Amino acid sequence: MDLPPVQDKVRELCGDGTTSMAEVLERLATICEKPIKLIEQEGSWGTLTAFKLDFEDHFKIYVPPQDSTQYKLHCIYHELGHIYLESFQGSLFLPDFSEEMLKEAAGAKSMSCCSVPNHPVERWVEDFAFEMSKKTRSRSSSNPDPFLS
Amino acid sequence: MKLLLFALLSALCLLRIPAVVKVSEARASWVASVFGLVALYVLGTVTPLEVIDSYLGGVNVTNLLQAIFALLAIFFFNDSVRRLANVPIVRWTYYAPLLSVPIMIVSFALIEDKAPTAADFIDTRMDQLATAVYSGTYMLALLFTVLRTIYMLRHKAKGPYATFSVGLLVVAVAVSCHITYVVLFLFSPWDAFAREIGSWFDRLFYAGLSVTAAGWLILFLSKQLPRLRLWMIDALWLTGLRMRVNADRSRVSPAWDLFNETLENGVYKSLIVLHNYERANLTTFPESIQTRIDRIETKLDARV
């Protein structure tokens, strides 16, 4: 699977400067032409860290409320990475569910899944989340070279 | 003085390696310190001059190499200052000092009776025009680069940056002494007076460069130490924890993150990896570890 360099796509999305979660949500909503809602969902999450649902007219991203702020932001950026990647790469059925699979799951009482660990898409969105966290934290972390700062 | 300069440049070279890996713009000033170190080495600071020169034919090629490396060191230092001052490379004058290198090589080749190896190689052959051209060209290129660097630093010369300007001014005076020596020796009958002026070169040149290198080191430490104090222990502890619990697919990843990322980003990445590990294994760390992770996270939260 040929995926574009994460840093290039992050720069394309946010430019060179710093950004915030609100700005990223706004830009992605413009690109995808539908709003993105963030929801903290109580309950047992098992090994899940977050998930996104794609509806006709909006996206929903669910995260557990008990996680730390840093981890929650990271997991949200991870899911936003999926949305962003699909906006220019088209639907990526692995490790997401295809439409047919979702239809099969409709009405089910519960659902479990096993996805390919270390899949390129997962690695890409995880790198995306790291890059985004740097951009939201870079207000405080300055250049590592003091001679250039 | 040469040994002090060698020690300062060695410390800078080592301490700045992480910055060089992470930021491409940091490389010019690092390359400058490496060339400075090589120039000092060729000068016989560590290994005796005679030993180094004997490998190169024993005809004082070390003198030529020392001049070229010193010029390159000043040139790359000038380039870092240019970046610092946001001065674009537009004028042909930017590379002009490097044009002196072929002139120096040719004039050096034309010097007669170059053997034996001697620290006063230039002084004892100053009666030859080739020596004057070789030495004069080298000094003019240095003076040009140093003055241009001082000019570019004019708006930045405050606090620790002022030591750069002071050091470089001393270097400019040293170089001017040598140029005066060359001109007076060639075109006037006052040879002794010329030598007297020329004798100031060594003292002033290395003193000036030492002040500049010390300023560089002070600047580095003044900016890095607070950051190191804030994150270093946490970064090392989290990296150790990642390794201990096998939180990563690769055993190299934790160490690589520590080296490849800034300390703060490294701490952040470690926290995420450890949370992923807890979630994937449906486990939680013992209370003492969890408390420490929470404390680090709170510190990181405060910086968002």
Side-chain angles (χ1 to χ4, degrees), chain A residues 6-7 16 18-24 44-51 63-64 66-78 81 112-120 122-123 125-149, chain B residues 12 15-16 18-30 32-33 77 80-81 83-84 160-161 164 216-225 227 231 249 257 261-265 267-269 271-276 278-282 293-294 296-304:
Chain A
V6 174
Q7 285 177 341
D16 282 321
T18 56
T19 190
S20 65
M21 172 71 77
E23 279 170 2
V24 178
S44 171
W45 280 75
T47 58
L48 271 183
T49 55
F51 65 89
V63 283
Q66 66 273 18
D67 282 331
S68 69
T69 312
Q70 296 290 339
Y71 193 53
K72 226 180 316 194
L73 286 177
H74 183 83
C75 294
I76 293 170
Y77 275 129
H78 179 108
S112 67
C113 63
C114 176
S115 66
V116 181
N118 211 18
H119 189 274
E122 285 304 309
R123 281 208 306 269
V125 293
E126 192 66 357
D127 287 346
F128 173 85
F130 277 121
E131 285 305 314
M132 292 311 301
S133 80
K134 283 181 199 171
K135 288 187 85 66
T136 42
R137 284 182 300 112
S138 57
R139 285 181 182 88
S140 53
S141 60
S142 56
N143 199 317
D145 183 11
F147 196 70
L148 295 166
S149 53
Chain B
L12 268 167
L15 287 169
R16 297 185 71 255
V20 172
V21 172
K22 290 164 201 165
V23 186
S24 58
E25 288 88 343
R27 284 165 205 164
S29 54
W30 188 73
S33 47
F77 180 72
S80 340
V81 171
R83 288 167 195 270
L84 179 78
Y161 290 106
F164 291 156
W216 213 340
L217 196 62
I218 290 166
L219 184 68
F220 177 86
L221 293 176
S222 68
K223 296 209 172 182
Q224 280 297 41
L225 281 181
R227 233 174 281 166
W231 295 116
R249 286 185 172 277
D257 287 342
E261 297 284 353
T262 63
L263 279 178
E264 191 179 324
N265 286 338
V267 164
Y268 172 84
K269 200 161 185 176
L271 287 170
I272 300 301
V273 169
L274 289 167
H275 276 302
N276 282 343
E278 282 185 294
R279 193 52 69 81
N281 294 287
L282 288 175
I293 288 177
D294 292 345
I296 298 170
E297 234 156 16
T298 309
K299 203 159 81 177
L300 206 58
D301 281 346
R303 294 175 70 84
V304 176

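These figures come from a predicted structure and were not determined experimentally. Chain letters run A, B, ... following the sequence lines, proteins first, then strands; residues in each count from 1.
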Nearest 0.5 Å, what's the CD1-OG distance between B/Ile293 and A/Ser68?
->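 Atom-to-atom, B/Ile293:CD1 and A/Ser68:OG are 9.5 Å apart.
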Discussion item. Using a 4.5 angstrom heavy-atom cutoff, name the option from B/Asn281, B/Leu282, B/Asp294, B/Leu271 with the most pairs to chain A.
Written reply: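 The answer is B/Leu282.
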Is [Y] close to [X] at the side-chain level, that is, under 4.5 Å between some pair of heavy atoms?
| X | Y | value |
| --- | --- | --- |
| A/Tyr71 | B/Asn276 | yes |
| B/Tyr268 | A/Lys134 | no |
| A/Glu126 | B/Ile272 | yes |
| A/Cys75 | B/Arg279 | no |

